[in-house]
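The block underneath contains the structure these notes are about, expressed in structure tokens.
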Amino acid sequence: MRRIIFLASVICLGVMLTAGMQPSTVQAKTKFVTIGTGGITGVYYPTGGAISKIINKKRKEYGIRCTVESTGGSVFNVNAVMSGDLEFGIVQSDRQYQAWNGLAEWKKKGPQKDLRAVFSIHPESVTLVVAEDAGIKTIHDLKGKRVNIGNPGSGQRQNSIDALTSAGIDYKEDIIAEHVKAAEAPGLLQDGRIDAFFYTVGHPSGAIKEATAGRRKVRIIPVTTIDTLLAKFPYYAPAAIPVKFYPGAANKQDISTFGVKATFVTSAKVPDDVVYAITKEVFENFDRFKKLHPAYEVLTKEGMLQGLSAPIHPGAMRYYKEAGLMK
Ligand code: GLU
């Protein structure tokens, strides 16, 4: 009996080797792809989850297994997609523009020529959250305060600096700037260790809910010093934060500010069939996708093709042409 099993194994191995397969890769047909997101209380993380959920449903058909990684945010995601550490990333539209054009964090490295756009997702707004007892009524009152502007690697760090600059505040001189991850800021605010924080995020987000649901009373402050920002930077647009999402906040009305869009990016090196499959599944299941997060309420298919600066990946383009969304 043992001899038979032994013989059978030898034959099996022989067949595998003749077929050009390594014994260890016989089952390794699945393509593993990872989406870089943001902190788990942001909207990128559940967005990565929503996209994965849709594509993983068709695992048998496409052989794609998609997973999500929590990261430091947009800038980290662009760099990880460019180095090949991640296949996909969620990235603010302003960061996509800067990476493609070799600006901001990419000034020294130059334009990120392999960056490719897939689609854009929900709107994100620059959200300035302050403690009521810190004596901050307008953005100008941030002077001398301890303010989290965001970790290096996050998308919002530059938005915070731009917002402060628009109000005549130098982040290096006029405030005590903290550089922690957005997920940690609500806790620090509630504990009295910071007076305010900025977060560029879709709404509703877990982080802003957490910040406004504690014992310390919290308010979202409008950022309205934005005329020069809108004139200078093509990627910024006026935005409003719906107060209905944050019943714990001291605000009674929606809050005016400025914003960008979350976008889904990849690298020119990621195979067309993988990008095609993900694009197709998200668009063909659009109504189901939209229900996966309240921040997607405003999404339209046409809107998801706007706000992209890098060239559209050929795999995504194939689907857009097939679906008549692009010529
Ligand atoms: N906009 C943030 C960033 O790029 C992330 C927001 C989120 O995780 O929802 O760093």
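Ligands are counted one by one from 1 in listed order, and the atoms in each one are counted from 1 as well. Just so we're clear, the structure is a prediction, and the values are computed from it rather than from any experiment.
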Per-atom contacts, ligand 1 versus Gln92 - under 4.0 Å to a heavy atom: 1 (N), 2 (C), 3 (C), 4 (O)
N/O separation below 3.5 Å, Gln156 to ligand 1: yes
N/O separation below 3.5 Å, Glu124 to ligand 1: yes
Asp162/Lys232 salt bridge by N-O under 4.0 Å criterion: no
Subset of ligand 1 atoms that lie under 4.0 Å from at least one heavy atom of Tyr199: 6 (C), 7 (C), 8 (O)
Flag if over 12 foreign heavy atoms under 6.0 Å of CD1, Ile176: yes
Sub-4.0 Å atoms of ligand 1 with respect to non-hydrogen atoms of Ser154: 10 (O)
Interfacing atoms of ligand 1 (cut-off 4.0 Å, heavy-atom, Val201): 9 (O)
Side-chain hydrophobic cluster, 4.5 Å single linkage: members besides Phe32: none
Ser74-ligand 1 polar pair, N/O distance under 3.5 Å: yes
Side-chain ion pair, Lys31 and Glu87, N-O less than 4.0 Å: no
Under 4.0 Å to a heavy atom of Gly42 - the qualifying atoms of ligand 1, by number: 7 (C), 8 (O), 9 (O)
Top protein contact for atom 9 (O) of ligand 1, by heavy-atom distance: Val43 N, 2.6 Å
Whether over 12 other heavy atoms sit under 6.0 Å from Arg216 CZ: yes
Taking every non-hydrogen atom, the tightest pair across Gly48 and Ile35: O-CD1, 3.8 Å
Glu297 with Lys290: basic N within carboxylate O range, under 4.0 Å: no
Thr263 (side chain) donor-acceptor with Val91 (main chain) under 3.5 angstrom: yes
Ligand-side contact atoms (ligand 1) for residue partner Gly73, heavy atom cut-off under 4.0 Å: 10 (O)
Protein contact of atom 5 (C) of ligand 1 - nearest heavy atom, named by residue and atom, plus distance: Tyr44 CE2, 3.5 Å
For atom 3 (C) of ligand 1, the protein heavy atom that lies nearest, with its residue and separation: Gly155 N, 3.2 Å
